[in-house]
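Below is one structure, written out as structure tokens, with a few remarks after it.
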Amino acid sequence: MERQSASSPDAGQERVMAAAKHIVKSLAVSKNAADDMMHFLSTFDPRLHPPSSPETGDEASDSGPDDAPGRGGDGEEEEEEEEEIAAAEEVIRRCNSSSSSSETIGMMDYLYAVDDAIAAAGHSARAAAAVHAAMPRLEEEVRSLLSSSPRRLSLSSDDVDEAATPSASPRHGTLSPDAAASVRGVADRMLRAGYGPELAQVYVSARRDALAESAALPGVEAVAIEEVIRMEWGVLDQKMRRWSHAVRAVVRTLLAGERLLCDEVFESDEELGHECFADVARGCVLQLLGFADAVAVSACATEKLYRTVGMYEALTDVQPELEALFSGDGARGFFAGEVSSTVEQLGSTLRHTIEEFGHAIHGEASRKAVHGGEIHPMTRYVLNYCGLLAESHGTLDVVLGDAGVSDAGVSDAGVNDADDSSTDCGAGAASTPSARCIRELLTLLLYKMNDKSRLYDDAGLQYIFLMNNLYYVVQKVRESPPLRELLGDDWLRRHRGQIRQYETAYLRASWTAVLSTHLRRDDGAASRPPAGHRAAAPQGASAKGFNAAFQELYRAQTAWKVTDPQLREELRIAVSERLIPAYRAFLGQGSRHPARHVKCSLEDLENYMLDFFEGVPKFVRW
């Protein structure tokens with residue numbers, strides 16, 4: 001302390017020179033020292049030039065008689081080192097004793113002091129004690145830097161798209177580049193001082209919390225299995241959708257960034273760094289997988305099918321990248337096993353859900369007929385799902401393998417009697433698990449519609465119902481490239497032919513009686529009236545019979561609904577091609593028909609036909 005209080009110019013100069021030498025030596029021993037700073041300081045005084053390496057030989061040429069062995073050189077070096085240790089000890093003590101000291105003694109000065117203490121700690125108990133005293137402050141600095149201003153991951157549409165692409169650029173976790181460099185500087189001192197376990201403990205604790213905060217998003221937060229099971233579908237649907245986006249963003253942005261940060265901080269001890277990253281990521285990864293596991297073990301429901309496919313695709317998409325983040329057989333094997341287990345559970349859930357979907361189609365037992373023979377809601381539902389499944393046919397091929405939905409009762413239910421397309425791929429059809437699955441589901445649907453048609457008492461309406469539903473199926477398949485590719489053009493041709501058969505059956509059921517009974521010609525032998533009877537009477541009766549029959553058909557079939565405009569027009573044309581010529585011939589018999597019995601002209605009849613199949617009942621008033 002007396003040396004510090006000296007007021008002579010020589011004493012002040014010596015203090016400046018000692019401080020300068022300390023700075024130069026600190027810079028020289030520090031791995032992060034810059035050569036240009038050393039040369040800059042040496043321009044003020046040659047004595048500040050850093051010591052040369054033994055290879056240059058400069059130190060030997062500059063040495064004087066006082067440096068010779070036995071002339072006191074070693075003693076001066078020891079004295080200088082003790083002064084440096086004392087100076088380092090003083091800086092560490094002052095910074096540790098008061099938080100206000102850090103305002104006058106910056107962190108870089110503190111780190112330089114720690115460098116000096118570390119350099120001498122191997123042979124100086126005093127220096128080792130100073131290093132030990134500095135560790136709490138360094139630990140706190142690491143904790144502060146690692147926990148400061150975490151960058152929350154946003155899942156807006158733009159961020160999701162960026163994070164979902166392999167080219168997304170991961171940053172240093174949630175840290176800025178400057179903060180990451182500062183952490184590395186502090187961590188490097190702790191590792192060189194042998195305080196790796198303490199550093200690892202602080203690092204894992206801080207980064208685990210920061211990562212959890214950054215990944216705290218709907219679908220990523222911890223959710224108990226019981227909560228998922230009780231969750232309303234609207235809420236669960238949103239969480240499943242968000243999870244599929246989040247898993248890509250978390251793996252490719254957050255976890256990849258954490259791995260970069262860990263590699264930089266633990267550059268001098270890679271093995272410890274790998275262990276720290278595994279500990280940091282463990283909670284986040286298991287939390288992600290935990291939600292998927294909860295979805296997988298919850299009840300299979302058809303409404304979950306599409307979202308479950310999305311989750312399966314998202315997880316398998318990032319599976320290789322996620323496993324590659326971990327090093328070492330232990331960590332990589334553990335996480336690879338966890339991910340594979342979740343993938344398998346999701347795949348099993350998909351298979352069971354498709355089977356349940358088939359059971360639901362086959363077991364639908366409502367006995368309420370759809371008004372007017374319109375498209376059944378189940379037909380729309382099944383086609384929507386088949387379209388979604390077709391878009392994910394690659395995933396289904398992997399998940400289904402050789403499985404199908406035969407357990408749902410396709411063969412046992414007699415479906416093959418109504419539609420044998422489930423076993424015959426046909427020309428252009430794909431012979432894949434997904435194609436077989438979709439064909440079987442559609443076979444179940446068409447069989448069920450055949451069963452539903454029997455709910456109608458009118459035979460003509462039964463075929464209108466079958467036409468409506470099959471025409472909808474064919475149109476959806478034709479308009480969907482994935483469905484058309486999987487089912488094939490031959491499937492489409494055969495089912496279009498089935499529609500024509502339904503049309504013929506409808507015409508026969510609804511119009512045969514009118515055409516053969518009321519509009520028959522009276523020039524055949526079988527139609528000639530018996531001798532002694534007037535011909536006009538039966539013709540008048542036939543005209544009245546036609547009027548009554550047409551009134552009833554008009555009332556009924558204007559209420560029937562053919563949904564597709566093109567099919568509706570085709571049916572009207574088919575009816576008109578048979579009805580109009582027969583009615584024209586009927587009217588052509590002239591005086592045979594009393595005028596009072598002929599209620600409509602050909603033009604009236606053609607206009608009446610425009611009201612058929614609109615779903616709005618109307619009445620003919622003559």
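Atom set for the values below is all heavy atoms of this structure, side chains included, hydrogens, waters and symmetry mates excluded.
- Across Leu146 and Ala210, no two heavy atoms sit closer than the pair O-CB, 4.2 Å.
- Screening residues 176-206 for ring-ring contact (aromatic ring centres under 6.0 Å, His included), with sequence neighbours left out, gives Tyr203-Phe266.
- For Asp209, the side chain to side chain contact (heavy atoms under 4.5 Å, CB included) test picks out Ser205, with sequence neighbours left out.
- Contact of the Trp243 side chain with the Leu288 side chain is registered, since non-hydrogen atoms from C-beta on lie closer than 4.5 Å.
- Annotation: side chain of Met190 is not in contact with side chain of Glu141 (no heavy-atom distance under 4.5 Å).
- With contacts defined as side-chain heavy-atom distances shorter than 4.5 Å, the pair Leu261/Leu175 qualifies.
- Put simply, OH on Tyr312 and CD on Gln345 are 12.5 Å apart, with the number rounded to the nearest 0.5 Å.
- One finds a salt bridge joining Arg93 and Glu90 here, because a Lys/Arg side-chain nitrogen approaches an Asp/Glu carboxylate oxygen to under 4.0 Å.
- For the atom pair SG (Cys262) and CG (Leu325), the distance works out to 11.0 Å, reported to the nearest 0.5 Å.
- Here the side chains of Leu254 and Glu258 are not in contact, with every heavy-atom distance at 4.5 Å or above.
- Residues Ser340 and Glu323 are in side-chain contact: their nearest non-hydrogen atoms beyond the backbone lie under 4.5 Å apart.
- Side-chain atoms of Arg189 and Leu111, non-hydrogen and from C-beta on, do get closer than 4.5 Å to each other.
- Counting heavy atoms from C-beta on, the side chains of Val382 and Phe357 come closer than 4.5 Å.
- In this structure, CE on Met311 lies 9.5 Å from OG1 on Thr349, to the nearest 0.5 angstrom.
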Residues 385-392, side-chain donor-acceptor partners within the protein, below 3.5 Å, at least two apart:
unit_1 : atom_1 : unit_2 : atom_2 : d
Tyr385 : OH     : Thr302 : O      : 2.9
Tyr385 : OH     : Glu303 : O      : 3.2
Ser392 : OG     : Glu313 : OE2    : 3.3

